[in-house]
Amino acid sequence: MVSAFILLVGFSVPVALPSQHQQLVQRLGASDLRTRMEAVSDLQAQSASDRLVLADRTVQDAVVSLLETENARVAKHTASFRKTGKDELTEAYSEYYAQVLGLANNLRKPGLLSNPALLARLRRALVLGVYNPDSEFARDLAREGEPIVPLVLELTRMPDGPSKWNGYGLIGELFAGQEARALAVPLSASSAASLRAAARAGLLDPAPDVRRSAISAVLKARDRAAIPVLERLAQSDPDVDQGPAKYSVRSLAAEALRRLR
Amino acid sequence: MNYFTVNGGPAGDDEMLASIGPSRMPGTPKRGGWISQLLRTFRQLVGGERPQPITYNNQQSVREMRASEFTSLFRSPSVAFARRGSPPPLGTAEIRCSGGATSGNPDADIDIFVEIWLEGGGRVGFAQARGYTPSAQAVASVQTVSYDRWIACYIYAGTATAQATGTLLADCGDDRTNMREEYRAGQVAWTPECTDFTQSVPTVSHYSFDEWNSGTYSWAVLRDTVTGNLYCVVSNYGSTPGFNSGYRNPAHNAAVGGAQNSRHVYGDAADLDTPTSPNDALYDALRQLAKNGACGVACVEPRGMSPSHFHADYRGACPAGW
């Protein structure tokens with residue numbers, strides 16, 4: 001009877017355990033950028049010696065929120081840059097952002113993050129983050145496989161070139177991972193079809209840099225349906241090499257054709 | 001100035017001076033006639049008097065020294081300490097401590113010991129001299145040592161009063177001395193040697209030294225990794241983008257919003273102009289050429305972070321996403 005009562009009370013009154021890292025969590029969420037920067041440095045140093053700090057749910061939540069905050073800040077800056085031409089993000093901020101991205105990416109390590117809702121937020125913040133499509137980070141992120149497909153497709157539909165580069169870069173890495181059986185969750189047939197269609201659409205993008213990245217994606221997807229468009233690009237695309245390097249749309253399309261046929 | 005002295009009282013944030021009191025070391029034998037020398041030897045043999053070992057009774061304190069404890073320490077008799085000011089320096093330095101002693105006892109010789117102690121590094125320099133009244137000199141120096149926090153210049157001078165001076169950074173004889181001090185003052189994790197500075201581009205380049213040197217001095221640190229690989233990238237691209245930024249001395253780097261340990265102060269970074277949105281194509285081409293291995297493997301700042309320029313550096317391990 002008594003034990004039943006204790007069990008009842010135990011279930012009906014959830015005990016909110018205070019985080020051991022409450023102060024750090026508060027600093028990660030500070031409105032002041034300098035405070036956030038210092039907190040990220042501290043967390044990075046702490047997590048190097050104590051891996052458990054990233055297993056703390058409140059810390060995980062704070063890191064994901066922080067990446068969302070910084071992504072929004074960069075997006076705002078990008079929009080403002082298009083209007084004013086003023087580049088206001090400092091190099092110090094850029095290095096700090098990379099630290100945040102790296103910390104958040106560490107949460108993807110097996111067994112660290114179990115909450116499905118937080119994991120979904122983390123994936124979104126990472127895929128829509130700021131990185132190079134040919135970085136180690138992007139290659140590693142693509143290993144997630146199927147769960148990131150909707151986010152990758154979202155990237156390819158964004159208006160700016162760099163987001164599309166990342167979208168087509170990830171499409172290429174997803175297919176490379178699928179072929180190497182390295183994806184955590186393999187691509188479904190319908191997802192693979194959607195990704196191939198998105199890559200083919202990229203071949204017609206008005207921006208040459210986007211067409212270049214789309215060529216790389218259709219090549220890695222081994223999409224023979226893209227051959228007619230590639231033939232046209234190889235013959236008449238306005239983007240031609242300016243020097244010895246073969247990086248233009250025409251050269252890349254010709255190389256892709258050679259390897260797809 | 002890049003020196004500290006040890007002889008009196010505080011002299012500014014970066015200097016701390018120490019006073020010298022009476023000796024804790026046994027005085028050396030009075031120089032006298034042969035009779036007194038004979039008597040002294042006899043007393044030593046018969047009375048069991050032996051020369052006492054030198055004891056460095058403040059060695060422990062050197063490691064534990066902090067600003068709040070410093071006052072009492074530097075008043076320690078016959079021991080002189082020096083430290084750089086707050087915040088404490090980190091990194092490497094060339095250190096030179098010299099001790100000079102003047103005897104207050106006209107009948108005593110002067111033994112002087114000069115030592116350099118580093119917190120985290122133990123005793124790294126030592127010199128000893130014996131002089132005659134009225135003065136003696138000894139010099140201890142260390143070339144480029146790593147140190148954690150405090151530097152102590154440590155003197156025993158027998159019955160004499162003593163003073164020591166020390167030099168932390170080598171004097172390059174020109175602006176490079178001030179540039180090196182900027183690295184120390186700015187707490188950059190690395191301080192160049194005098195010979196690390198140049199007044200020319202170390203490899204063939206599409207850009208002049210004046211373009212590469214974005215700093216405020218006529219000297220720059222330029223590594224051939226960046227000048228050589230960027231020459232390769234631009235040559236392969238086929239036309240020459242405008243040059244935006246190369247080497248920056250730390251003070252200038254801070255003024256333009258550079259990171260404390262920006263690769264621009266290490267001399268292995270360059271920014272090229274890729275100014276507006278249509279130039280995403282130019283940026284994209286440069287990025288691929290800089291990262292594909294044909295011209296080395298650069299760390300390239302993502303476009304979202306640098307919509308107006310292309311930044312490449314050759315630090316090796318790149319930040320996440322670069």
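Only heavy atoms go into these numbers, but all of them, side chains included; no hydrogens, no water, no symmetry mates. Proteins come first, then strands; the chains are lettered A, B, ... in the order of their sequence lines, and each starts at number 1.
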Would you compute the distance between atom CD of Q242(A) and atom CG of L282(B) and round it to the nearest 0.5 angstrom?
8.0 Å
Taking the side chain as every heavy atom from C-beta outward, state whether R82(A) and P307(B) have any pair of such atoms under 4.5 Å apart.
no
Under a 4.5 Å heavy-atom criterion, the part of residues 157-170 of chain A in contact with chain B comprises G161(A), P162(A), W165(A)
Which atom pair, heavy atoms only, marks the closest approach of G258(B) to E91(A)?
CA-OE1, 3.3 Å
Go through the atoms of N253(B) and report whether side chain, backbone, both or neither lie under 4.5 Å from a heavy atom of chain A.
side chain
Is the backbone N or O of V300(B) less than 3.5 Å from a side-chain atom of N132(A), with the two atoms forming a donor-acceptor pair by type?
yes
What are the two closest heavy atoms between S94(A) and E301(B), and how far apart are they?
OG-OE2, 2.6 Å
Top residue by heavy-atom pair count (under 4.5 Å) with chain B, among Y93(A), Y131(A), F137(A)?
Y131(A)
Exercise: identify the closest heavy-atom pair between P208(A) and A281(B):
CG-CB, 3.9 Å
Pair count under 4.5 Å, heavy atoms only, with chain A: among A294(B), G304(B), C299(B), highest is G304(B)
Residues M305(B) and D87(A): closest non-hydrogen pair is O-OD1, 4.3 Å
Indicate the atoms forming the closest heavy-atom contact of E95(A) with P319(B), along with that distance.
OE1-CG, 3.8 Å
Where is the tightest heavy-atom contact between V130(A) and P302(B), given as atom of each residue plus distance?
CG1-CB, 3.7 Å
Side chain of R287(B), backbone of D134(A): donor and acceptor closer than 3.5 Å?
no
Contacts of R250(A) meeting side-chain contact (heavy atoms from CB on, under 4.5 Å) (sequence neighbours excluded), chain-then-number -> D237(A), V240(A), S248(A)
